[in-house]
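One structure is given below, encoded as structure tokens.
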Amino acid sequence: MVQYEGWIYYSNQEKGGGIYRQSIDGLCLEKLNDAKSDYINIVGNSIYFRQVREHAVCKMSLDGSKISIIKKSAPIRMLDVINKSIIYSDGENIYCIQDGVGEKTMLDVDCPIIDFSISNNGLLYSYVEKLDGKESVRQKLVLR
């Protein structure tokens, strides 16, 4: 769920996972798309999200128009947007897509990535490490 300029944007999983927006005063509710979606991010006048069934990173206008697929790939497990950089993970690596630059691998890890958080300062990620047959969850900070 994201609050932006008087609206709350969210994915309603009980009604198929489409993206909705509701005015903060609760008087206006609009359905923006039908596709099962999650990982909603808003940057400028665009909504970035994952289309679950298509395994796609998508972008659309705040009113639900101008939908485009930015990246269609293997299962996308996590997605975040900072400035105009789209950061996502397939569970093993973390990738970055930048407007006009293309895609690059940000982080290549030899173990499963559980979660990540990104800010202007860097990337914090959690991963599963196996040592001597035992699994433990670790975190690592990568500064920009």
Open item on the list: Quick check on the hydrophobic clustering: are Phe49 and Ile94 connected, directly or via other members, by side-chain heavy-atom contacts under 4.5 Å?
Closed with: no
TODO: May I ask you to decide if Ser126's main-chain N or O and Asp115's side chain share a donor-acceptor pair within less than 3.5 Å?
DONE: no
Task: Side chain Arg21, main chain Leu32, donor-acceptor under 3.5 Å - done: no
Open item on the list: To the closest 0.5 Å, what do you measure between NZ (Lys31) and CD (Gln22)?
Closed with: 15.0 Å
Open item on the list: Treating Ser117 as the side-chain partner and Leu124 as the backbone partner, does any N or O pair qualify as donor plus acceptor under 3.5 Å?
Closed with: no
TODO: Could I get the full list of side chain to side chain contact (heavy atoms under 4.5 Å, CB included) partners for Lys36, not counting sequence neighbours?
DONE: Gln13, Val52, Arg53
TODO: To the nearest 0.5 angstrom, please state how far the CG atom of Asp80 sits from the CD1 atom of Ile118.
DONE: 7.0 Å
Task: Path from Ile86 to Ile47 over hydrophobic side-chain contacts below 4.5 Å - done: no
Task: Ile82 reachable from Val57 in the ILVMFWY side-chain graph, under 4.5 Å edges - done: yes
TODO: Looking only at non-hydrogen atoms, find the nearest pair between Ile114 and Met78 and report the distance.
DONE: O-SD, 3.4 Å
Task: Side-chain donor-acceptor contact under 3.5 Å, Arg138 with Tyr127 - done: no
Task: Any donor-acceptor pair under 3.5 Å from Tyr4 side chain to Asn41 backbone - done: no
Open item on the list: On a heavy-atom basis, which atom in Cys96 and which in Ser85 lie closest, and how many Å separate them?
Closed with: SG-CB, 4.0 Å
Open item on the list: Could you work out, with salt bridge (Lys or Arg N to Asp or Glu O under 4.0 Å) as the rule, every residue matching Lys140, not counting sequence neighbours?
Closed with: none
TODO: State the CH2-OH distance between Trp7 and Tyr20, to the nearest 0.5 angstrom.
DONE: 14.0 Å
- [ ] Give, for atom SG of Cys28 and atom CD of Glu30, the distance between the pair rounded to the nearest 0.5 Å.
- [x] 4.0 Å
Open item on the list: So which atom in Tyr10 and which in Ile40 form the shortest heavy-atom distance, rounded to 0.1 Å?
Closed with: C-CD1, 3.5 Å
- [ ] Determine, using the 4.5 Å side-chain heavy-atom cutoff (strictly less than), whether Val81 and Tyr39 are members of one ILVMFWY cluster.
- [x] yes
For residues 63-71, which side-chain N or O atoms pair as donor and acceptor with protein atoms under 3.5 Å away, sequence neighbours left out?
residue : atom : partner : partner atom : Å
Asp63   : OD1  : Ser65   : N            : 2.9
Asp63   : OD1  : Ser65   : OG           : 2.6
Lys71   : NZ   : Glu103  : OE1          : 3.2

Open item on the list: According to a hydrophobic-cluster definition based on side-chain heavy atoms being under 4.5 Å apart (Ile, Leu, Val, Met, Phe, Trp, Tyr only), do Ile19 and Tyr48 belong together?
Closed with: no
Open item on the list: With rounding to the nearest 0.5 angstrom, report the CG to CE distance, Leu62 to Met60.
Closed with: 8.5 Å
Open item on the list: Return the CD1 to CG distance between Ile76 and Asp38, rounded to the nearest 0.5 Å.
Closed with: 9.5 Å
Task: Residue pair Asp90 / Glu92: nearest heavy atoms and the distance that separates them - done: OD1-N, 2.9 Å
